[in-house]
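Everything on this sheet refers to the single structure shown next.
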Amino acid sequence: TAIARYDAALRPPLEHEESSPEHKSLLKMHELARTWADGDDRLKLWDGVEALKRYNMALQYAQDVKRIRPTEGYVGEQIQLHPAAEKELQKCIARAKAEIQRKKTFKEQILDAETHLIERRAGRAQSAFKAALETSTQEQARHGWSANPEEVRDCEDGIVRANDELARQK
């Protein structure tokens, strides 16, 4: 992984290396890789808000590294995030934003369903719970992720309650 590579590159530096621009760049890139990975972990837990914070922080580290001037006479490419990796990071940011929107829509659908249930509109509640379940499962599947089991459980519980209310009303 990138983290392991930066760990190896940051072996105990020689005395004169610690203050070099290249060492500073490696430190920032190491933080970028860790922060990006943390964002991925947050997104796997359906936490789009925290994932987005991590991805934006990683993007800031990338910008910081670009501004570091190499040592005079440094041979080789400047240490920085590869453009393809930066595009991938932008995709991660877009996925985190999509998760934030998905969760917002899901919560609105659950609130709508609960309101229908409280007002004894069991058929509408049932439809709203099913729509929320679809939002939870299909959007996640579209990204190749597993559905949030807590959301699925809440929807299934709501559908059962709506069905019970429908049966009671007959």
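Residue Arg161 is tested with Glu156, Gln126, Glu114 for a side-chain hydrogen bond (donor to acceptor under 3.5 Å, both in side chains); the sole match is Glu114.
Connection of Leu117 to Val152 is established within a shared hydrophobic cluster, with ILVMFWY side chains joined at heavy-atom distances below 4.5 Å, either directly or through further cluster members. No path of Ile, Leu, Val, Met, Phe, Trp and Tyr side chains, each step under 4.5 Å between heavy atoms, connects Leu111 with Leu133, placing them in separate hydrophobic clusters. In the hydrophobic clustering of this structure, Tyr55 groups with Val49; members are Ile, Leu, Val, Met, Phe, Trp, Tyr whose side-chain heavy atoms approach within less than 4.5 Å, directly or through other members. A continuous path of Ile, Leu, Val, Met, Phe, Trp and Tyr side chains, each step under 4.5 Å between heavy atoms, connects Leu59 with Met29, placing both in one hydrophobic cluster.
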> Yes or no on side-chain contact (heavy atoms from CB on, under 4.5 Å) for Leu81 and Val65, after CA distance, side-chain angles and deciding distance?
Replying inline: CA-CA 8 Å; Leu81 190 61; Val65 169; over 6 Å; no

>> Walk me through whether His82 and Glu88 qualify under side-chain contact (heavy atoms from CB on, under 4.5 Å).
In response: CA-CA 10 Å; His82 190 277; Glu88 189 59 37; over 6 Å; no

>> Working note: Gln90 + Glu86, criterion side chain to side chain donor-acceptor pair (under 3.5 Å); need CA distance, chi angles, decisive distance, verdict.
In response: CA-CA 6 Å; Gln90 290 293 347; Glu86 192 165 340; 4.9 Å; no

>> Applying side-chain contact (heavy atoms from CB on, under 4.5 Å) to Lys53 and Met57, what does each step give before you reach the verdict?
In response: CA-CA 6 Å; Lys53 285 179 188 177; Met57 195 180 306; 5.6 Å; no

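Once rounded to the nearest 0.5 Å, the distance linking CD of Gln63 with CD1 of Ile68 reads 12.0 Å. Remark: Arg54 CZ to Asp47 CG distance equals 7.5 Å, nearest 0.5 Å. Here NE2 of His30 is found 9.5 Å from CG of Leu26. Values are rounded to the nearest 0.5 Å. Atom CG of Leu43 sits about 11.5 Å away from atom CD1 of Ile93, to the nearest 0.5 Å. Expressed to the nearest 0.5 Å, how far SG of Cys92 lies from NZ of Lys87 amounts to 14.5 Å.
By the salt bridge (charged side-chain N to carboxylate O under 4.0 Å, His left out) test, Lys107 is found to be paired with no residue, residues two or more places apart in sequence or in another chain being considered. Legend: residues meeting side-chain contact (heavy atoms from CB on, under 4.5 Å) with Asp164, ordered by chain and number and at least two apart, are Val160. Listed by chain and residue number, Ala128, Phe129 satisfy the side-chain contact (heavy atoms from CB on, under 4.5 Å) test with Ala113 (two or more places apart in sequence, or in another chain). The side-chain contact (heavy atoms from CB on, under 4.5 Å) search around Asp64 returns Lys28, Gln60, Tyr61, Arg67, not counting sequence neighbours. With sequence neighbours excluded, the residues that form a side-chain contact (heavy atoms from CB on, under 4.5 Å) with Thr135 are Arg102, Thr105, Phe106, Gln109. Scored by the salt bridge (charged side-chain N to carboxylate O under 4.0 Å, His left out) test, Glu134 finds no partners at all (sequence neighbours excluded).
No donor-acceptor distance shorter than 3.5 angstrom exists from the side chain of Glu99 to the backbone of Leu52, with no hydrogens or angles considered.
Minimum interatomic distance between Cys155 and Ile110 (heavy atoms only, all atoms of both residues): SG-CD1, 4.0 Å.
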